[in-house]
A.B. asks: 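One structure coming up, written as structure tokens, with questions to follow.
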Amino acid sequence: MKSFEDANTMGKEMMDHSLKSYAAMTKGVQAIASEATDYSKKSYEDGVAAFEKLAASKSIEKAMEIQTDYVKSAYESFVAEATKMGELYADLAKEAYKPFEGVIASATK
């Protein structure tokens, strides 16, 4: 009878850990989606502003300066966003794994 109770307790614990992991994953995915949306919106707005400046430029030199500044800004923004997204994905993995740390540690002993 003891083994049935142990199995039942273990099943409940695993379900609890799974639900906690799912909640952490949901929260992480929402953060990633929000960040991607914000970046897309800002990137679009920056591109439109650069195009408007480019269209209003009176000389080739000014147009090249505007284009160069935009490309540099867009690249720096992309690198910063890629770093931030990488951190968000790493945090997501850590938080989703956290409920199972104790179970995995005891299983590997």
Side-chain angles (χ1 to χ4, degrees):
M1 199 55 132
K2 179 120 171 115
S3 64
F4 178 73
E5 290 172 2
D6 289 344
N8 191 24
T9 302
M10 183 180 272
K12 287 180 183 179
E13 287 176 4
M14 289 304 289
M15 181 59 77
D16 184 49
H17 295 316
S18 297
L19 291 174
K20 287 179 183 176
S21 178
Y22 180 73
M25 287 178 52
T26 301
K27 182 180 173 187
V29 169
Q30 286 175 345
I32 290 167
S34 176
E35 185 63 35
T37 301
D38 292 345
Y39 173 73
S40 295
K41 182 179 177 185
K42 184 182 179 316
S43 178
Y44 175 76
E45 290 170 352
D46 290 348
V48 168
F51 181 75
E52 289 172 352
K53 285 182 187 178
L54 195 60
S57 67
K58 302 288 185 196
S59 68
I60 296 291
E61 291 82 18
K62 185 65 177 172
M64 291 299 291
E65 179 184 335
I66 292 168
Q67 180 66 18
T68 302
D69 290 344
Y70 170 70
V71 169
K72 181 180 176 186
S73 172
Y75 174 75
E76 289 170 352
S77 177
F78 173 76
V79 169
E81 186 64 22
T83 302
K84 192 172 193 178
M85 290 296 271
E87 291 169 357
L88 287 172
Y89 275 105
D91 290 344
L92 169 65
K94 287 176 190 172
E95 291 299 316
Y97 173 73
K98 197 177 283 185
F100 296 105
E101 284 178 339
V103 175
I104 304 273
S106 66
T108 58
K109 287 183 181 180

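This structure is a prediction, so every number in the text was calculated from the model and none was measured.
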A.B. asks: Hey, is Lys84 close enough to Glu35 for a salt bridge, meaning N to O under 4.0 Å?
C.D. replies: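 Counted as a salt bridge, because a side-chain N and a carboxylate O are separated by less than 4.0 Å.
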
A.B. asks: If I compare all heavy atoms of His17 with all of Pro99, which pair ends up nearest, and what's the gap?
C.D. replies: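 So the minimum-distance heavy-atom pair works out to ND1-O, 3.0 Å.
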
A.B. asks: Who pairs with Lys42 by side chain to side chain donor-acceptor pair (under 3.5 Å), at least two apart in sequence or on another chain?
C.D. replies: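 Applying side chain to side chain donor-acceptor pair (under 3.5 Å) to Lys42 gives Asp46.
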
A.B. asks: Please answer whether the main-chain N or O of Gln30 pairs with a side-chain N or O of Ser34 as donor and acceptor at a distance below 3.5 Å.
C.D. replies: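 Here the side-chain-to-backbone pair does not exist.
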
A.B. asks: Would you say Tyr97 ends up clustered with Val29 if hydrophobic residues are merged whenever their side chains have heavy atoms under 4.5 Å apart, either directly or through other cluster members?
C.D. replies: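 No, separate clusters.
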
A.B. asks: Tell me which donor-acceptor pairs under 3.5 Å the side chains of residues 60-80 have, and how far apart each pair is, sequence neighbours excluded?
C.D. replies:
unit_1 : atom_1 : unit_2 : atom_2 : d
Thr68  : OG1    : Met64  : O      : 2.7

A.B. asks: Roughly how far, to the nearest 0.5 Å, is the OG1 atom of Thr26 from the CG atom of Leu92?
C.D. replies: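 Those atoms lie 9.5 Å apart.
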
A.B. asks: Passes salt bridge (charged side-chain N to carboxylate O under 4.0 Å, His left out), Lys12 versus Asp16? Steps please.
C.D. replies: CA-CA 6 Å; Lys12 287 180 183 179; Asp16 184 49; over 6 Å; no

A.B. asks: Take a 6.0 Å sphere around CE of Met85 and say whether it holds more than 12 heavy atoms from other residues, nucleotides or ligands.
C.D. replies: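 Atom CE in Met85 is crowded, with more than 12 foreign heavy atoms closer than 6.0 Å.
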
A.B. asks: Is the backbone N or O of Ala36 less than 3.5 Å from a side-chain atom of Ser40, with the two atoms forming a donor-acceptor pair by type?
C.D. replies: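 It does hold such a pair.
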
A.B. asks: Minimum heavy-atom separation for Ala96 to Ala24, with atom names?
C.D. replies: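 What the structure gives for the nearest pair is N-CB, 4.1 Å.
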
A.B. asks: Under a single-linkage definition using a 4.5 Å side-chain heavy-atom cutoff for Ile, Leu, Val, Met, Phe, Trp and Tyr, are Met14 and Leu19 assigned to the same hydrophobic cluster?
C.D. replies: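 No, because Met14 and Leu19 fall into different hydrophobic clusters, even though each may have its own neighbours under 4.5 Å.
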
